[in-house]
Amino acid sequence: MENGGEEEGGGGDDYTRDGSVDLRGNPARRSKRGGWTACTFIVVYELFERMAYYGVASNLVMYLTERLHQGTVEAANNVTNWSGTVFLTPLLGAFVADAYLGRYWTFVAGSAVYLMGMLLLTLAVSVPALKPPPCDAGAGATCPRASALQLGVYFGGLYTIALGHGGTKPNISTIGADQFDDFHPAERLRKLSFFNWWMFTVFTGILFSTTVLVYLQDSVSWSWGYGVPTLALAASVAVFLAGTPLYRHKLPQGSPITRMGRVVAAAVWKCRVAVPGDLGELHEVEPEYYTSRKRFRVDATSSMRFLNKAAVKAEDAPGWALCTVTQVEETKQIAKLVPLLATMFVPCALMAQVGTLFVRQGVTLDRRLGRGASFQVPPASLGAFVTLTMLACVAVYDRALVPAARRRTKNPRGITLLQRIGAGLLLQVVTMAATAAVESRRLSFARSHAAAAGGGRPLPLTIFVLLPQFMLMGAADAFLVVGQIEFFYDQAPESMKSLGTAMSLTAYGVGSMLSSAVLSLVERVTAGRGAPWVANDLNASRLDCYYAFLAVLAAANLAAFVVLSCRYSYRAESTEAIAVTARVHSEPAAPVAE
C-alpha cells in the first residue's frame, strides 16, 4: 500500500517534515497516514459531491423556466447569482479554517449544512404545496407565478447549499494536497499530478450528473432527479468520514486575512518612516523559529517597497505595528496574485453561459436522436460533451503533452501554469466566436422556418449543431480550470493555501455575478432600442450579437492577461521546490513501499 513514504519503520524519517499531524495533534507518520491511500477517500468524496452539486446546477435554468415559470433573462440571472454566491462563500470557509477550526472540522460542519440544503431542495420539488401548478394547456397558455412560500423554500434550499459549499469547497482539495509532504521530494513529485487527476474525478461526477440525473429530471420526475444527488451527497460524506484515521492534518495558523491586514495597517502607521537601504536591517525572527514550525522563511525584496515599512523598527510605534519580513513578503505574494485574479473574472463569466443560455438554445431545437425516435436529449445533457472533451484533453495533456514539453523546456510541468491558463483563455475566444457563428446559423434557420416553429414548437434542426461550442468550451476548461486552481494554490504562501484555493473559487463567484450584470445591462440597453439581444423567445432575439460581444470581451481580457503574466515572477520557494522535483524526476526513483 502506497503511503508516500520510503521507510516503514519507526525511524525519524518516517515522520512527515511539513508539520502535519493526526487528528489528535500527534506528528503524522508517513507509513501510516497520507499519500494516495488517504487521497482515495477524498477523491471518492469529490466524485459523489460533484455528482450532487451538478445534479442541481446543470439543469437549474430548466427548473426555473419550466416549473417556476420564470423568463429567460430572470432565470439565467438567478442561476448565475446563486452560482456566484456558491463560489464566494469559500472566502468565509477559508477564513474559519485557517483561523479557528482547521480544514477538517470546517469541512465537516460545511457538509452538514450542505446536506440540509439538499434535503430542503428535494422537499421543495416533491411536496405539491411547494410547487406552482403547471401552465394551462392550449394556445395563449398562462403560467401561474410561484408564491412567496414556494420561492422561499426553493431558494432557501439553494442558498443553504451555497453556505455549506463555503465550508467544503476551499478545504477539500487542500486537505487532499496536504496528504503529500512538500519537504519530501518523492511526495512532492506525486503531488504534481494530483490536481490533474483531482479535476479528472470532478468532471467524471459532472458527466454522470449531466447525463443520468438530467434525464431523470426531464423524463422521470424532479423528485427522483433531486433525491438521487441528495443520497449521493450523504454517501460522499460517509466515505470521507470513513477515511479519517488515514488523514494528515495541518494545524490552524491564524487567519491570513488578519495577518495581511496587520501588515497594511503597520505600513500605513509608519508611512513617514524611511525604509533602510540595507533590507537586512528589517525585523525578522531567527531561522529556528520557522524550522521548528515547519514553515518557510522568506527573504526581503524591494518590490512593493511601501509594505516594507511594516518591518521597520521604530521606537515610537506600538507593538502590533512591527511585522516580520516573512509576514510582509507573504502579503506581497497575495497582492501579486490580485491583478491576475481579476483577469479570471471574464473567463468564469463565459463558463456560466454553458448552464444558462447554451441550455436555452437547446430547448429551441429538435432533440430527437433521429427521425421518428421517441427518446429526446435533455438540453442540459449537452454539458456532458464539455466534460468528455475536458477529460480527454486532460488525459492527453498529462500523458503526452507534458512529457514532450518537459523534454524541451526542462520544466517538470511541461509548460508554466500561466502558459497553461493563457492557452485556455485563447481557446475561450475561439469558443465564443464559434458560438456566435452557430447561433447566427440557428437564427437564419428560424427565420426561414418561422411557420414550423410557431406555437413554441422546436425548430426542425438537430440539437447537435450546438456540439462545437460545448466541445470547444471543454477543451478550454482542460487548460484553464485545472491551471487556475493549481496556480493560485501553488503561488499562495505555505501558510495561506486555503486562501489561495478560495481565491481561485472567488473568480467563479465574481465571474457568475459579472455574467448576471452584463446580461442585464445588455438586455436593458438593447430592449430600449427596440431590438433586444436576449428575450424569452430566442428565435426573436439576437443572441449571436451577444455571443460576439462576449468574444470581443474575452479577447480584450486575454490581452490584459498576457501583459500581466509577462511581468509576473513566481515565488522563490515554489521555484526551488519545483527544481528539486525536476531532479527527482530525472534520477531513478528510490523504491516506494506498496
Side-chain angles (χ1 to χ4, degrees), residues 40-64 79 82-83 85-87 89-90 93 106-126 153-173 175-176 198-218 220-243 354-355 359 378 380-381 383-384 386-387 390-391 481 505 508-509 512:
T40 300
F41 291 89
I42 298 169
V43 168
V44 169
Y45 161 83
E46 188 69 3
L47 173 67
F48 285 103
E49 187 275 332
R50 291 292 85 185
M51 188 188 304
Y53 173 77
Y54 281 97
V56 174
S58 58
N59 215 22
L60 180 56
V61 71
M62 291 297 292
Y63 189 85
L64 296 181
V79 171
W82 172 71
S83 178
T85 305
V86 163
F87 287 108
T89 52
T106 302
F107 171 85
V108 171
S111 296
V113 176
Y114 197 156
L115 188 56
M116 289 172 56
M118 289 295 298
L119 290 170
L120 186 58
L121 209 59
T122 303
L123 286 176
V125 302
S126 302
V153 173
Y154 188 82
F155 281 96
L158 283 179
Y159 282 91
T160 300
I161 290 173
L163 180 61
H165 190 269
T168 61
K169 195 58 182 175
N171 293 301
I172 184 61
S173 60
I175 291 172
W198 172 263
M199 294 304 298
F200 189 93
T201 303
V202 166
F203 280 87
T204 301
I206 297 173
L207 179 62
F208 182 86
S209 299
T210 53
T211 52
V212 177
L213 294 183
V214 165
Y215 175 77
L216 285 177
Q217 293 163 1
D218 279 16
V220 181
S221 74
W222 286 91
S223 298
W224 275 101
Y226 278 11
V228 170
T230 299
L231 291 175
L233 180 65
S236 72
V237 174
V239 168
F240 176 84
L241 293 176
V354 173
V359 174
S381 287
V386 176
T387 305
M390 187 269 179
L391 291 175
V481 173
L505 298 175
Y508 293 98
S512 294

Between T387 and T204, the two heavy atoms sitting closest are CG2-N, 4.5 Å
With a 4.5 Å limit on heavy-atom distance, are the side chains of L158 and T85 in contact? no
How many angstroms lie between CE in M116 and OG in S111, if you round to the nearest 0.5 Å? 13.0 Å
Separation of S83 OG from L60 CG (nearest 0.5 Å): 9.5 Å
To the nearest 0.5 Å, how far apart are OH in Y114 and OG in S236? 8.0 Å
In short, S223 meets S126 closest at the heavy-atom pair OG-OG, 3.0 Å
Would L123 and V153 count as a side chain to side chain contact (heavy atoms under 4.5 Å, CB included) if you check the C-alpha gap in whole Å, the side-chain angles of each, and the deciding distance to 0.1 Å? CA-CA 9 Å; L123 286 176; V153 173; 5.6 Å; no
Pair Y159-W82, side chain to side chain contact (heavy atoms under 4.5 Å, CB included): steps then yes or no: CA-CA 7 Å; Y159 282 91; W82 172 71; 3.9 Å; yes
CZ/F107: more than 12 non-hydrogen atoms of other groups inside 6.0 Å: yes
For a quick test of reading the model, state the closest non-hydrogen atom pair linking P170 to G166 and the distance between them. CD-O, 3.1 Å
Checking side chain to side chain contact (heavy atoms under 4.5 Å, CB included) for the pair W222/N59: CA distance, chi angles, key distance, verdict? CA-CA 10 Å; W222 286 91; N59 215 22; 3.4 Å; yes
Is there side-chain contact between L64 and Y154, with heavy atoms separated by less than 4.5 Å? yes
Classify the ring geometry between H165 and F87 as parallel (under 30°), tilted (30 to 60°) or perpendicular (over 60°). perpendicular
Test item: V237 and F48 side chains (from C-beta on) under 4.5 Å apart, heavy atoms: no
Rounding to 0.5 Å, atoms CG (L391) and CG (L207) come to a distance of 6.5 Å
Q217 (side chain) donor-acceptor with G55 (main chain) under 3.5 angstrom: yes
Is the shortest side-chain heavy-atom distance between Y508 and V481 below 4.5 Å? yes
Evaluate the side chain to side chain contact (heavy atoms under 4.5 Å, CB included) criterion for residues V56 and M118: first the C-alpha distance (whole Å), next the side-chain angles of each, then the deciding distance (0.1 Å), finally the verdict. CA-CA 9 Å; V56 174; M118 289 295 298; 4.0 Å; yes
Please find the pair of heavy atoms, one from V228 and one from L213, that lie closest to each other, and give the distance. CG1-CD2, 3.5 Å
Of all the heavy-atom pairs spanning V214 and S381, show the shortest one and how long it is. CG1-OG, 3.5 Å
Say you draw a straight line from CG of L47 to CZ of F208; how long is it, rounded to the nearest 0.5 Å? 9.5 Å
Side chains of S209 and S58, donor plus acceptor under 3.5 Å: no
What closest approach, in Å, do N171 and G167 show between heavy atoms, and which atom pair accounts for it? ND2-O, 2.8 Å
Mind checking the CD1-CE spacing from I206 to M51? Nearest 0.5 Å is all I need. 11.0 Å
